[in-house]
Number of protein chains: 2
Amino acid sequence: MPTSTLAKGERTRRAIIDHAVATAYRVGLGRLTIGDLAAGTGLSKSGLYAHFGSKEALQLAVLDEAAARFTAAVVRPALQAPRGETRLRALFDRWVACGRSRDPGVCLFVKAATELDEQPGAVRDRLAELHRALISTIETIVRNADGAFRPDADGYQLAADVYGVMLSFYLAHRLLQDPAAERRTRVAFETLLAALSRGPSPDPPTVVARVRPRGLPPTESATTTGSCS
Amino acid sequence: MPTSTLAKGERTRRAIIDHAVATAYRVGLGRLTIGDLAAGTGLSKSGLYAHFGSKEALQLAVLDEAAARFTAAVVRPALQAPRGETRLRALFDRWVACGRSRDPGVCLFVKAATELDEQPGAVRDRLAELHRALISTIETIVRNADGAFRPDADGYQLAADVYGVMLSFYLAHRLLQDPAAERRTRVAFETLLAALSRGPSPDPPTVVARVRPRGLPPTESATTTGSCS
DNA sequence: GCCGGAAGTGCACGCTCGTGCTATTTTCTC
DNA sequence: GAGAAAATAGCACGAGCGTGCACTTCCGGC
């Protein structure tokens with residue numbers, strides 16, 4: 001009775017990786033253990049192990065899955081939005097939404113960067129490649145904006161800045177559990193957009209939001225409240 | 001022949017923690033092992049263990065040391081600079097310098113945030129407390145600027161944004177090994193300062209630097225090239 | 001210089017780690 | 001439904017983990 005069209009082995013493999021992504025999101029890629037995963041999926045250690053052949057292969061599979069989820073939940077939908085600012089906003093909104101909801105795959109993809117940045121090896125190399133691809137995607141969004149941004153806009157700079165805004169959000173939201181984290185993140189993003197969209201001295205209205213809010217509602221724009229997959 | 005005024009035990013303890021900070025910077029606080037540390041310091045496992053009594057106590061000691069180094073290398077010197085923009089720049093310059101040189105203590109303090117953000121426990125609680133203190137320090141720098149910044153400047157927002165800029169720098173510098181990382185980081189910081197220092201629509205000259213540089217020297221302002229301690 | 005306490009060693013423990021085998025069971029194909 | 005192939009279990013291994021304890025060595029104050 002095949003509950004799906006997938007072969008048995010593939011189904012099991014996905015169940016394992018699913019479990020592994022959730023675990024790695026909590027404890028890190030490096031602290032995944034075969035025994036733990038086996039217990040969590042109801043397999044024997046060796047049965048699980050046979051699916052990957054080594055722990056490093058397992059880590060790579062988990063990392064690839066996390067990256068794929070990031071693409072599916074954040075990048076791909078954004079690329080279907082209209083070009084220019086709307087597309088950039090779509091990317092940002094979905095990214096924030098995944099952070100807010102602690103989407104394990106998406107968050108793992110970002111979190112692994114810090115874990116592996118000083119640990120040479122195949123996993124780190126793959127991760128760097130994946131992050132470079134994301135930066136390149138953001139760059140392309142800026143370049144293909146059809147004149148919505150200043151013609152000399154530096155897409156790479158913006159990509160790095162968006163990364164920074166998101167990393168700061170993750171810190172405030174997850175470690176510090178700051179309820180105002182999302183509002184500040186949106187303020188920071190608006191500032192980036194303002195510098196990008198108009199001439200050098202635009203009097204952008206959103207910049208005003210950078211000052212201390214006096215009785216502002218905690219989060220004014222909840223455009224993306226949906227799921228993350 | 002006492003090489004220092006410290007008691008023997010204290011000297012050994014410091015040597016252990018010194019080693020531990022460097023190791024934890026590479027592999028993370030959670031992957032510190034007693035055996036590894038003992039081998040690295042020439043002690044027996046139990047001899048080393050006796051200095052702390054538990055692994056968690058060791059981790060706390062390492063974390064505290066990392067935070068202390070951050071204070072000594074970044075915060076304290078900055079607080080001796082003149083108030084206002086200069087002080088903020090001093091903080092930023094020193095922080096960047098430590099990132100560039102991969103100062104283990106300073107970097108560990110930041111890196112641990114990602115490692116522990118989903119792992120409840122005493123170590124995480126301490127780390128969150130330390131990060132809150134740093135944010136509060138930045139906030140105070142903004143507040144005590146004696147009118148150098150706009151009076152309604154949001155110091156907490158700025159603190160979060162500076163964090164983001166630095167986290168982005170760490171990612172680009174350490175994982176991606178991007179040689180242009182520091183230049184972009186300085187551009188991003190100048191943008192933050194520009195929004196803070198002047199009126200809402202200032203035509204700040206530094207914002208021009210946000211666009212694609214055409215044959216710019218890789219790093220134009222190397223004001224802080226010295227050591228980090 | 002002696003002596004008490006601090007500092008450090010040796011050894012053992014129960015556990016878990018990643019990784020190999022060989023069987024055995026289950027699934028897919030004709 | 002038989003037979004091939006894939007999937008999984010059982011078991012064992014050497015190593016390393018954090019921790020405890022009894023013992024020895026060494027430093028520092030008198």
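Side-chain atoms are counted along with the backbone in the values below, which use heavy atoms only and exclude waters and symmetry mates. Labels below follow one simple rule: chain letters A, B, ... track the order of the sequence lines, proteins then strands, and each chain is numbered from 1.
Of the candidate nucleotides dC17(D), dT8(D), dT19(C), dT8(D) has the atom lying nearest to any side-chain atom of Ala50(A). When each of dG18(C), dC17(D), dT9(C) is scored by its nearest atom to the side-chain atoms of Ile34(A), the top-ranked nucleotide is dG18(C).
Under 4.0 angstrom from either OP1 or OP2 of dG8(C) there lies at least one side-chain N or O belonging to His51(B). In terms of phosphate contacts, Lys55(B) brings a side-chain nitrogen or oxygen within less than 4.0 Å of OP1 or OP2 of dG18(D). Note on Tyr49(B): every side-chain N or O is 4.0 Å or more away from OP1 and OP2 of dG18(D). Within the structure, every side-chain polar atom (N or O) of Ser46(A) is placed at least 4.0 Å from both OP1 and OP2 of dT8(D).
The NZ-P distance, from Lys8(B) to dG29(D), rounds to 15 Å in whole Å.
In summary, the aromatic rings of Trp95(A) and Phe169(A) are positioned with their centroids too far apart to meet the 6.0 Å limit.
Taking CZ of Arg143(A) as the reference point, atom OG of Ser136(A) lies at 7.0 Å (rounded to 0.5 Å).
Put simply, the side chain of Lys45(A) and the base of dG18(C) share a donor and an acceptor less than 3.5 Å apart.
Nearest heavy atom pair, residue Ala153(A) against residue Leu196(A), reads CB-CD1, 3.5 Å.
Both Glu56(B) and Arg13(A) sit near DNA chain D, but only Arg13(A) has its closest nucleotide nearer the 5' end.
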